[in-house]
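We count ligands from 1, going down the list as the structure has it; atoms in each ligand are counted the same way.
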Amino acid sequence: MKFHIVTLFPEFFDSPLSSAMLGKGAEEGLVAFTRTNPRDFTEDRHRTVDDRPYGGGPGMVMMCEPLSRALDSIETPGRMLALTPRGRPLDQAFARELAAQENLTLICGRYEGIDERIFDQYPIEGVSVGDFVLNGGEAAALCVIESVARLVPEFMGHEDSGDEESFSHGLLEYPHYTRPPVFRGQSVPDILTCGDHGRIAAWRRHKALEVTLANRPDILEQASLTGDDIEVLREIRAQGGIETLGRNLYVALLHAPVLNKFGQTVAVSLTNLDVHDIARVSRTYGLGGYYIATPLTDQRNLLERLVGHWVDGPGQRANRDRTDAFGAIRTASDLFEIIADVERRAGQRPVVVATTARGAGNASVPAVRQWLADKPVLLVMGTASGLAPEVMEDADAVLRPVRGIGRYNHLSVRSATAIIVDRVLGDAY
Ligand SMILES: C[S@@+](CC[C@H](N)C(=O)[O-])C[C@H]1O[C@@H](n2cnc3c(N)ncnc32)[C@H](O)[C@@H]1O
């Protein structure tokens, strides 16, 4: 496989390409490298490769002409990649895709970047090695070369070592140990010396899941997981305190003060489906409580009768799951009563987070998750056309709305609650 590196600093690659495995791979003819310097394709006395940006601003921009001549000089460029923070993130799947090519051209940017017209005139794909800014594309190009070369057949020596590594099955790798058996009083985990390969494999899988959940929960979404893996992850999340986060989250469903569709502040009646469904969400995610508030006495009486039916009445025998879910419901006349009750139960005032389908909000889901680690959070959901302005103004934060795809955004309050609670506490895999 041939890597064609286009760089203003060819000497940057002297040592990395001739040392260790890349050096050995090149000697054995498994990989080869060419280096092309756009400066060699300049036509002026100063060998200029950069100029000031049109429109002003700091720094310099790599010019099209020397770079395009440099690119044109490569006979078989193969896929052309420019290293850039705005490119496709380099991951194992991308590296595997690139390893199937015979030629790759890696264009290293410098200064503020490259004149955009180069991207319009050549089939160049952007590649990023992470959400940070380097001085130039050279170190990033080395990341591409290293990750791709080790997937070239025979490069690694023993064929299976690439297969066990991090990301190969969508997980990070398990921890490794070697001699001595005891280092500064710390022993190697017993299981690794028991000789039972089945148990060792199970322990390694467990560790890989643990490390991935702790450090990169986002990649679990793409991992191929078994039913046993899901169970292991559930246990790890429980041990890691996800249940505490759930217990710290309270939901308040307000029937007043809310807006009607004419924008007037009103009190509206209970909806049986909201009562039931949010109770089931609260129970499923182990929430601290589900409060339903209405200032109307007859509505509160109705609600208490409904809850009584399922919790202490005949409903108990008909459906145990519903009895469990309804056990989380508490009735209140207004939000102040709810805040006071949460404060009494949790021992501190909750962070009151209002929700809305409109506007930008000022709190994100990760922020709510962070608060839950050490304080109660009361998620306030509005019925009818949403919470009245005074509730929004008095809240400590307003959560960013759940956005749909188009302009239509009329989720039922029970759907919005389920989506928000899952975003805060649910697992994505
Ligand atoms: C100083 S950086 C320019 C950053 C650019 N002004 C920006 O804000 O995106 C110079 C060059 O380093 C390379 N580079 C910097 N960070 C990178 C990253 N995370 N991944 C890939 N290449 C990167 C690119 O080739 C870039 O053109």
Side-chain angles (χ1 to χ4, degrees), residues 1-17 22 31 33-42 46-74 77-99 101 103-151 165-167 172 215-216 218-219 222:
M1 162 156 210
K2 245 186 181 166
F3 295 92
H4 307 283
I5 307 164
V6 179
T7 171
L8 293 171
F9 299 95
E11 67 282 7
F12 186 99
F13 294 90
D14 286 350
S15 155
L17 299 187
L22 286 177
V31 286
F33 306 100
T34 69
R35 296 179 232 180
T36 308
N37 187 345
R39 209 176 284 284
D40 296 337
F41 295 85
T42 51
H46 302 291
R47 306 181 72 205
T48 312
V49 289
D50 59 326
D51 208 335
R52 285 192 303 275
Y54 278 118
M60 302 293 273
V61 175
M62 279 177 70
M63 298 160 73
C64 287
E65 284 132 328
L67 181 54
S68 59
R69 284 186 216 114
L71 291 176
D72 294 342
S73 75
I74 302 169
R79 265 172 91 166
M80 291 178 150
L81 307 171
L83 287 309
T84 161
R86 72 178 189 198
R88 172 176 164 187
L90 178 64
D91 60 13
Q92 197 64 16
F94 195 5
R96 216 173 284 129
E97 200 181 301
L98 297 175
Q101 309 291 311
N103 288 275
L104 279 186
T105 293
L106 299 168
I107 305 163
C108 304
R110 276 275 158 180
Y111 320 118
E112 284 313 310
I114 302 171
D115 187 314
E116 190 64 25
R117 289 168 291 185
I118 282 288
F119 295 94
D120 299 331
Q121 298 195 14
Y122 291 82
I124 295 175
E125 304 163 64
V127 186
S128 166
V129 295
D131 295 343
F132 42 77
V133 177
L134 301 165
N135 293 328
E138 286 74 9
L142 275 175
C143 293
V144 176
I145 293 169
E146 287 248 349
S147 58
V148 171
R150 49 193 289 115
L151 299 172
E165 285 179 322
S166 289
F167 308 111
L172 300 181
N215 298 339
R216 293 292 306 278
D218 55 306
I219 67 170
Q222 305 282 346

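- When distances from atom 8 (O) of ligand 1 to the protein are checked, no heavy atom turns up under 4.0 Å.
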Please evaluate residues Val129 and Leu90 with respect to the criterion side-chain contact (heavy atoms from CB on, under 4.5 Å), reporting the C-alpha separation (whole Å), side-chain torsions for both, the decisive distance (0.1 Å), and the verdict. CA-CA 5 Å; Val129 295; Leu90 178 64; 4.1 Å; yes
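- For Tyr111 and Asp51, the side-chain atoms include no donor-acceptor pair closer than 3.5 Å.
- Residue contacts with ligand 1, taken as heavy atom pairs separated by less than 4.0 Å, do not involve Asp131 at all.
- How far CD1 of Ile107 is from CD1 of Ile74: 7.5 Å, rounded to the nearest 0.5 Å.
- Ligand 1 places these atoms under 4.0 Å from at least one heavy atom of Asn135: 1 (C), 10 (C), 12 (O).
- Closest non-hydrogen pair, Cys108 versus Ile5, comes out as SG-CG2, 4.1 Å.
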Using side-chain contact (heavy atoms from CB on, under 4.5 Å), reason through Ile114 and Val61 one step at a time and then give a plain yes or no. CA-CA 6 Å; Ile114 302 171; Val61 175; 5.8 Å; no
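- A salt bridge is absent between Arg88 and Glu125: the closest approach of a Lys/Arg side-chain nitrogen to an acidic carboxylate oxygen does not fall below 4.0 angstrom.
- Distances between N or O atoms of Phe132 and those of ligand 1 include at least one value under 3.5 Å.
- Those atoms of ligand 1 that come under 4.0 Å of a heavy atom in Gly137, given as number and element, are 12 (O), 13 (C), 25 (O).
- Under a 4.0 Å criterion applied to the non-hydrogen atoms of Tyr111, ligand 1 contributes the atoms 1 (C), 2 (S), 3 (C), 10 (C).
- Taking every non-hydrogen atom of Gly113 and a distance limit under 4.0 Å, the qualifying atoms of ligand 1 come out as 27 (O).
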side-chain contact (heavy atoms from CB on, under 4.5 Å) between Tyr122 and Ser68, worked out: CA-CA 9 Å; Tyr122 291 82; Ser68 59; 3.3 Å; yes
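- Ligand-side atoms of ligand 1 in range of Ser128: 19 (N), 20 (N), 21 (C), range being under 4.0 angstrom from any heavy atom.
- Of all the atoms in ligand 1, the ones that sit under 4.0 Å from a non-hydrogen atom of Val133 are 1 (C), 2 (S), 4 (C), 16 (N).
- The nearest heavy-atom contact from the protein to atom 23 (C) of ligand 1 is Pro85 CD, 3.8 Å.
- If you look at Ile114 next to ligand 1, there are no close heavy atoms at all, none under 4.0 Å.
- Residue Asn103 is tested with His4, Lys2, Arg79 for a side chain to side chain donor-acceptor pair (under 3.5 Å); the sole match is His4.
- Geometrically, Arg86 engages Phe119 in a cation-pi contact defined by less than 6.0 Å to the ring centre and at most 45° from the axis.
- Residue Leu83 places at least one N or O, backbone or side chain, under 3.5 Å from an N or O of ligand 1.
- Within the structure, the closest approach of Ile107 to ligand 1 does not fall below 4.0 Å when heavy atoms are considered.
- Atoms of ligand 1 lying under 4.0 Å from any heavy atom of Val127, numbered from 1 in the order shown and given with element: 21 (C).
- Of the heavy atoms in Val129, both backbone and side-chain atoms come closer than 4.0 Å to ligand 1.
- Other residues, nucleotides and ligands contribute over 12 non-hydrogen atoms within 6.0 Å of the CG atom of Asp14.
- Under the 4.0 Å criterion applied to side-chain N and carboxylate O atoms, Arg110 and Glu138 are assigned as salt-bridge partners.
- Between Glu112 and ligand 1, an N or O atom pair is found at a separation short of 3.5 Å.
- Considering backbone and side-chain N/O of Leu134, one or more are found under 3.5 Å from N/O of ligand 1.
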Is there a side-chain contact (heavy atoms from CB on, under 4.5 Å) between Arg216 and Phe167 once you walk through the steps? CA-CA 11 Å; Arg216 293 292 306 278; Phe167 308 111; 4.2 Å; yes
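- For ligand 1, the atoms closer than 4.0 angstrom to any heavy atom of Ala140 are 21 (C), 22 (N).
- At the shortest separation from atom 21 (C) of ligand 1 among protein heavy atoms lies Thr84 N, 3.4 Å.
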